[in-house]
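After the structure tokens below, expect a handful of questions from me.
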Number of protein chains: 2
Amino acid sequence: MSRPSSSELRRAILDEARRVLVENGYMGLSMRPIAREVGCTATSIYLYFESKDALIHALIDEGMERLQEQFQTAVDGVDEPRRRLARLARAYLDFGLENPEYYEIMFMLHPQLMERYPPDRYRRARRNLEMFHDEMVAALGPAGWDGRDPKTESTLVWTSLHGTVSLLIAHRVDVSIDREALIERAVRQALRSLDDPDNAAIEPPQSDAARN
Amino acid sequence: MSRPSSSELRRAILDEARRVLVENGYMGLSMRPIAREVGCTATSIYLYFESKDALIHALIDEGMERLQEQFQTAVDGVDEPRRRLARLARAYLDFGLENPEYYEIMFMLHPQLMERYPPDRYRRARRNLEMFHDEMVAALGPAGWDGRDPKTESTLVWTSLHGTVSLLIAHRVDVSIDREALIERAVRQALRSLDDPDNAAIEPPQSDAARN
DNA sequence: TTCGACTACTTTACAGTGTTAACTTTACGC
DNA sequence: GCGTAAAGTTAACACTGTAAAGTAGTCGAA
């Protein structure tokens, strides 16, 4: 709508929203206080963002760009494919733990909000995560995939890292556990699919959890 | 507070709240509609739950109990330690995917809410997850832990599973990925720490993400 | 039988939310 | 100086969680 209008106010709103997000989390993000701080009325925000959702979506976009940058600098100058992948994994964890507020809206927020996130934009944003895919393919070479789907495998790396980040952020992990040790183990575990000999006797499904 | 009072109304409120939660998710959970459906006023709810948080906490307790039951039936009659662990993992995934609304409030909700969850009750609830710990210790025996902390390792199993469940629930996983294949791989990956020879050259930390 | 007291519940009200529609101010080209 | 369009405001709506005060019903003792 007001794409190229790019007033200063728009930026100020976005900055303040991010600040509030950092300080109070998603739940503490309210239009009127943002407006007050920025020096306008709440309804003025609607000149630049068509809803609160849209405002948050803009912040998600910001977060995705930052992650992308951290990914880039993480692998910059590193050649060996396995090391590149390891650094990506580490960068992902670091990003989440250092920017919990961004991480929360990017990957942890309730499904409803995400369903309202324009699908094409999310697809573009998720480009980030395809770096895992590309680097894995590079690390394994064309030979390594006996029957396994690269997309599934790279998604698995992601979900594994996400589990650790999100539970740490949400303070669900027992405080008696050494944080740094867990993180290091998480990276190791995420990357171990590279060496997977696909052994181990695993159970068949116990119920029908594959719908939806 | 009103622990033994156990009016029928309390149960009705809880039932309706759960129904709404299933249907509309956490965000759609509002006091007045619950009251209307149950046949009382919104403020009456406060006779049985001291806040909306407390109401949700009660639902979390319910969910934890259900998970506990599913865990029990999953390992019931299974003796071989590795198989027991595998079934636990599978049960966890199934629970999350079949009860996304419970899973959301139990493990995905924003940190603020969890911080208000009475710590002792959460500790008790998390007893569930200690089953991972116990079964892992049983599966590996006293010999297997060369330098590794069992608590960290079992937490790692949990975070790994959680990553998969939560991203699937939140519809963040690319739809082109075979859901069941991902799930199966997730179980496998989670349990692989049992066989870990602790190899692989891993990067040192890139930044200070171990605070908090 | 009447007087408390207690329980269960309601009414009213407050301060807050996101959002819409209508109104006003400001700036700019002719 | 006038018309127009953009930028921002005011007022309002329907909603939220929740606190305080008030009310109806029940039960036990005098």
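Predicted model, so just to flag it, every value in this text is computed and none were measured. Here is the naming used below: chain letters follow the sequence lines, and residue numbers restart at 1 for every chain.
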Expressed as a whole number of angstroms, how long is the span from B/Leu47:CG to D/dT18:C1'?
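Result: 12 Å.
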
Does A/Leu67 offer a backbone N or O that forms a donor-acceptor pair with the side chain of A/Asn128 under 3.5 Å?
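Side chain of A/Asn128 to backbone of A/Leu67, a donor-acceptor pair under 3.5 Å: no, none is there.
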
Distance check needed: D/dT10 C1' versus A/Met31 CE, whole Å only.
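Value for this atom pair: 17 Å.
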
Measure from the side chain of B/Ser44, starting at C-beta and using heavy atoms only, and say which of D/dT16, C/dC9, C/dT19 lies closest.
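Among the listed nucleotides, the one closest to the side chain of B/Ser44 is C/dC9.
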
Any donor-acceptor pair under 3.5 Å linking the side chain of B/Asn99 with the backbone of B/Tyr102?
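No, B/Asn99 side chain to B/Tyr102 backbone: no donor-acceptor pair under 3.5 Å.
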
Rounded to whole Å, please give me the gap between CZ in B/Arg116 and P in D/dG17.
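Rounded to whole Å, this separation is 13 Å.
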
Starting at CG of B/Leu55 and ending at P of D/dT18, how long is that distance when rounded to a whole Å?
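Computing the B/Leu55:CG to D/dT18:P distance gives 10 Å.
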
We want to know whether A/Thr41 and A/Ser44 form a side-chain donor-acceptor pair, criterion being a heavy-atom distance below 3.5 angstrom.
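Yes, side-chain donor-acceptor contact under 3.5 Å.
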
List the atom pairs, donor and acceptor, that lie under 3.5 Å between side-chain atoms in residues 12-31 of chain A and the rest of the protein, sequence neighbours left out.
{"from": "A/Asp15", "atom 1": "OD1", "to": "A/Arg11", "atom 2": "NE", "distance (Å)": "3.4"}
{"from": "A/Asp15", "atom 1": "OD1", "to": "A/Arg11", "atom 2": "NH2", "distance (Å)": "2.9"}
{"from": "A/Asp15", "atom 1": "OD1", "to": "A/Arg18", "atom 2": "NH1", "distance (Å)": "3.4"}
{"from": "A/Glu16", "atom 1": "OE1", "to": "A/Arg19", "atom 2": "NE", "distance (Å)": "3.1"}
{"from": "A/Glu16", "atom 1": "OE2", "to": "A/Arg19", "atom 2": "NH2", "distance (Å)": "3.1"}
{"from": "A/Arg18", "atom 1": "NH1", "to": "A/Glu62", "atom 2": "OE1", "distance (Å)": "3.3"}
{"from": "A/Arg19", "atom 1": "NH1", "to": "A/Glu23", "atom 2": "OE2", "distance (Å)": "3.3"}

ring-ring contact (aromatic ring centres under 6.0 Å, His included) partners for A/Tyr103, two or more places apart:
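ring-ring contact (aromatic ring centres under 6.0 Å, His included) check on A/Tyr103 returns A/Tyr92, A/Phe107, A/His162.
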
Could you tell me whether a side-chain N or O of B/Ser154 sits under 3.5 Å from a main-chain N or O of B/Pro150, the two making a donor and an acceptor?
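Present.
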
How long is the line joining CD1 of B/Ile45 and C1' of D/dT18, in whole Å?
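About 11 Å, once rounded to whole Å.
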
Contact list please: residues 12-30 of chain B against DNA chain C, heavy atoms, distance less than 4.0 Å, in numerical order.
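Within this stretch, nothing sits under 4.0 Å of the strand.
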
Could you tell me how far apart A/Tyr46 (OH) and C/dG18 (P) are, to the nearest whole angstrom?
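From A/Tyr46 OH to C/dG18 P: 6 Å.
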
Just by distance, do the side chain of A/Asp174 and the backbone of A/Ser176 share a donor-acceptor pair under 3.5 Å?
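Such a contact is found between A/Asp174 side chain and A/Ser176 backbone.
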
Ignoring hydrogens and angles, answer whether the base of C/dT11 and the side-chain atoms of B/Thr43 contain a donor-acceptor pair closer than 3.5 Å.
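When only heavy-atom distances are counted, B/Thr43 does reach the base of C/dT11 through a donor-acceptor pair under 3.5 Å.
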
A/Glu50 CD - C/dT19 C1' separation (whole Å)
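Those two atoms, CD and C1', are 12 Å apart.
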
Do the side chain of A/Arg32 and the base of C/dG16 come within less than 3.5 angstrom through a donor-acceptor pair of N or O atoms?
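Side chain to base: no pair present.
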
What's the closest nucleotide to the side chain of B/Tyr48 if the choices are C/dT10, C/dC9, D/dT18?
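Ranking C/dT10, C/dC9, D/dT18 by closest atom to the B/Tyr48 side chain puts C/dC9 first.
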
Nearest of C/dT19, C/dC9, D/dT16 to any side-chain atom of B/Leu9?
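Nearest listed nucleotide: C/dC9.
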
When you measure from the side chain of A/Thr41, which nucleotide among C/dG18, C/dT10, D/dT10 comes out closest?
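Within the option list, the nearest is D/dT10.
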
Separation of A/Phe49 atom CZ from C/dT19 atom P, in whole Å?
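A/Phe49 atom CZ is separated from C/dT19 atom P by 13 Å.
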
